[in-house]
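Reviewing the structure listed below.
Lettering follows sequence order; numbering is per chain, from 1. These numbers come from the heavy atoms of this one structure, side chains and all, not from hydrogens, waters or symmetry mates. Since we're looking at a predicted model, the values are computed, not measured.
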Number of protein chains: 2
Amino acid sequence: MSSIVNTVTEVAEDVHTRERLLEAAARLFADHGYTHVTIRDICGAARANIAAVNYHFAGKAGLYDEVVQLAIHTMQSVTREAEDAGAGKNAEGRLRAYVHVFLTRVAAIDADGWMHHIMLRELSEPTSALDRIVDQVVRPRMAYLRGIVAELLGCPADDERVVRCAFSIHSQCIAMMNKPMVEQLNPSAGGRDGVGTMVDHITEFSLAGLWALARTT
Amino acid sequence: MSSIVNTVTEVAEDVHTRERLLEAAARLFADHGYTHVTIRDICGAARANIAAVNYHFAGKAGLYDEVVQLAIHTMQSVTREAEDAGAGKNAEGRLRAYVHVFLTRVAAIDADGWMHHIMLRELSEPTSALDRIVDQVVRPRMAYLRGIVAELLGCPADDERVVRCAFSIHSQCIAMMNKPMVEQLNPSAGGRDGVGTMVDHITEFSLAGLWALARTT
DNA sequence: TTGACAATGAAACAGCTGATTCATACAGTC
DNA sequence: GACTGTATGAATCAGCTGTTTCATTGTCAA
């Protein structure tokens with residue numbers, strides 16, 4: 001039935017069903033959450049049969065698990081990128097680099113921002129995947145951030161004040177991930193160079209807070 | 001069948017079915033979100049028949065609408081309480097009062113913190129109710145907060161810097177509403193006087209940020 | 001060619017959900 | 001006492017969801 005010319009290329013054809021399912025599921029889960037997405041939605045978007053989900057991933061939950069694993073890997077790469085961007089700089093420079101990488105990667109929704117959306121959704125509506133995300137992504141990030149804060153405050157990394165300040169900085173970054181909130185409360189931040197402005201703002205605002213608390217130590 | 005003594009009290013009996021449904025629905029919707037709660041769950045908790053939801057509220061969506069309306073009213077009362085607590089004080093005192101009322105009312109989950117949970121959930125997973133919440137709760141709150149910030153920065157309330165600073169303060173307060181996040185990243189804040197400590201921290205941290213930006217104006 | 005095996009497609013299944021129907025109980029009114 | 005409208009209860013319905021079953025296809029090795 002197939003011509004001789006493309007017998008080989010037809011094998012590779014498109015991307016394999018498994019990959020298409022993963023890609024479609026990642027986007028849909030990030031956009032609408034686990035429960036709001038049906039496997040029929042996913043298979044429709046991936047041009048695959050319904051049974052393919054159970055065949056390749058042993059069910060919807062298994063597919064979500066793999067998507068989460070994929071998200072964790074990319075989020076870890078974002079953390080590494082933030083650390084690399086601050087390598088060799090002083091604490092202030094490392095903080096700025098951290099906020100910059102975080103916000104730019106988050107703002108690039110079409111690229112890989114969807115993974116952070118999954119994390120955000122897990123935080124506000126935990127599933128069994130939350131523990132993995134916290135252990136493998138959030139904790140290392142906060143540990144790095146606490147290191148910066150501790151240096152700026154001039155006190156040990158496990159000091160309660162360090163934890164609170166890191167929480168304040170993290171809160172501002174997390175808030176930027178929330179599209180509806182940003183659009184309603186800080187619309188200009190969604191604009192073209194709005195992200196850059198917000199990087200500067202969060203950095204300056206937080207540095208001032210840190211310096212003030214450092215003086216009262 | 002009923003004794004003469006309590007014929008009247010039996011009419012009022014327990015709270016009416018409609019009230020019980022509203023109460024149970026508010027708690028369940030806040031805890032698990034709209035889609036994860038079934039009308040059977042609600043009717044089970046409210047000791048009511050399934051048909052009662054459709055009879056009193058014309059369906060699940062109608063019940064949720066009424067719950068949201070109830071939440072809006074209480075959240076408005078929180079805003080008013082925050083304004084009253086700051087009445088007559090200077091900008092710094094008003095900011096501290098605002099953060100204090102917000103966090104204490106939010107931390108009191110068993111009391112009326114559930115309403116803020118509904119708001120938080122709407123922000124991360126918008127339904128048609130989000131617009132109402134933003135218009136009637138979030139906007140007035142942010143307007144009040146911007147007034148404080150503008151005074152501290154010494155510039156007009158519609159200045160972009162004011163918007164960004166109000167966003168930073170709001171972000172820290174909102175983050176405190178996220179139970180899993182607080183427990184994972186800032187566990188001591190969930191403790192007994194942890195809320196008081198966080199009120200002081202957010203206030204001091206933000207005031208320092210504001211003063212720093214005011215100097216560069 | 002034959003058999004084995006991975007992959008896919010079409011159909012059906014069991015469970016749950018929101019909504020509906022219909023009968024019943026009860027309080028107030030004439 | 002008969003009637004009316006409100007409120008509740010039990011049963012059922014239609015639709016959707018995740019999963020399963022079974023037949024089919026295509027590929028590779030013997």
N/O contacts under 3.5 Å, protein versus nucleotides 7-12 of chain D?
from   : atom 1 : to    : atom 2 : distance (Å)
D:dA7  : OP2    : B:Y55 : OH     : 2.9
D:dT8  : OP1    : B:T17 : OG1    : 2.3
D:dT8  : OP2    : B:H56 : NE2    : 2.6
D:dG9  : OP2    : B:N49 : N      : 3.2
D:dA10 : N7     : B:N49 : ND2    : 3.4

Between [N] atom [atom2] and [X] atom [atom1], what is the distance in whole Å?
X: B:Y64; N: C:dA19; atom1: OH; atom2: P; value: 15 Å
X: B:I42; N: C:dT17; atom1: CD1; atom2: P; value: 11 Å
X: A:D65; N: D:dG18; atom1: CG; atom2: P; value: 15 Å
X: B:I39; N: C:dA19; atom1: CD1; atom2: P; value: 6 Å
X: B:H36; N: C:dG18; atom1: NE2; atom2: P; value: 12 Å
X: A:E19; N: C:dA7; atom1: CD; atom2: P; value: 12 Å
X: B:K60; N: C:dC16; atom1: NZ; atom2: C1'; value: 12 Å

Residue met sooner reading DNA chain D from 5', once A:N54 and A:D41 are mapped to nucleotides: A:D41
Pair listing, side-chain hydrogen bond (donor to acceptor under 3.5 Å, both in side chains) test, anchored in residues 59-69 of chain B, at least two apart: B:R18-B:E66, B:Y64-B:E122, B:D65-B:R132, B:Q69-B:R132
Test side chain to side chain contact (heavy atoms under 4.5 Å, CB included) applied to A:A51 - qualifying residues, sequence neighbours left out: A:N49
Partner set under side chain to side chain contact (heavy atoms under 4.5 Å, CB included) for B:P140, not counting sequence neighbours: none
Salt bridge (charged side-chain N to carboxylate O under 4.0 Å, His left out): pairs with one or both residues in residues 137-147 of chain B, sequence neighbours excluded: B:D135-B:R139
Selection residues 67-87 of chain B - residue pairs positive for salt bridge (charged side-chain N to carboxylate O under 4.0 Å, His left out), sequence neighbours left out: B:E81-B:R105
Shortest non-hydrogen contact between A:F29 and A:L63, atoms and distance: CE1-CG, 4.4 Å
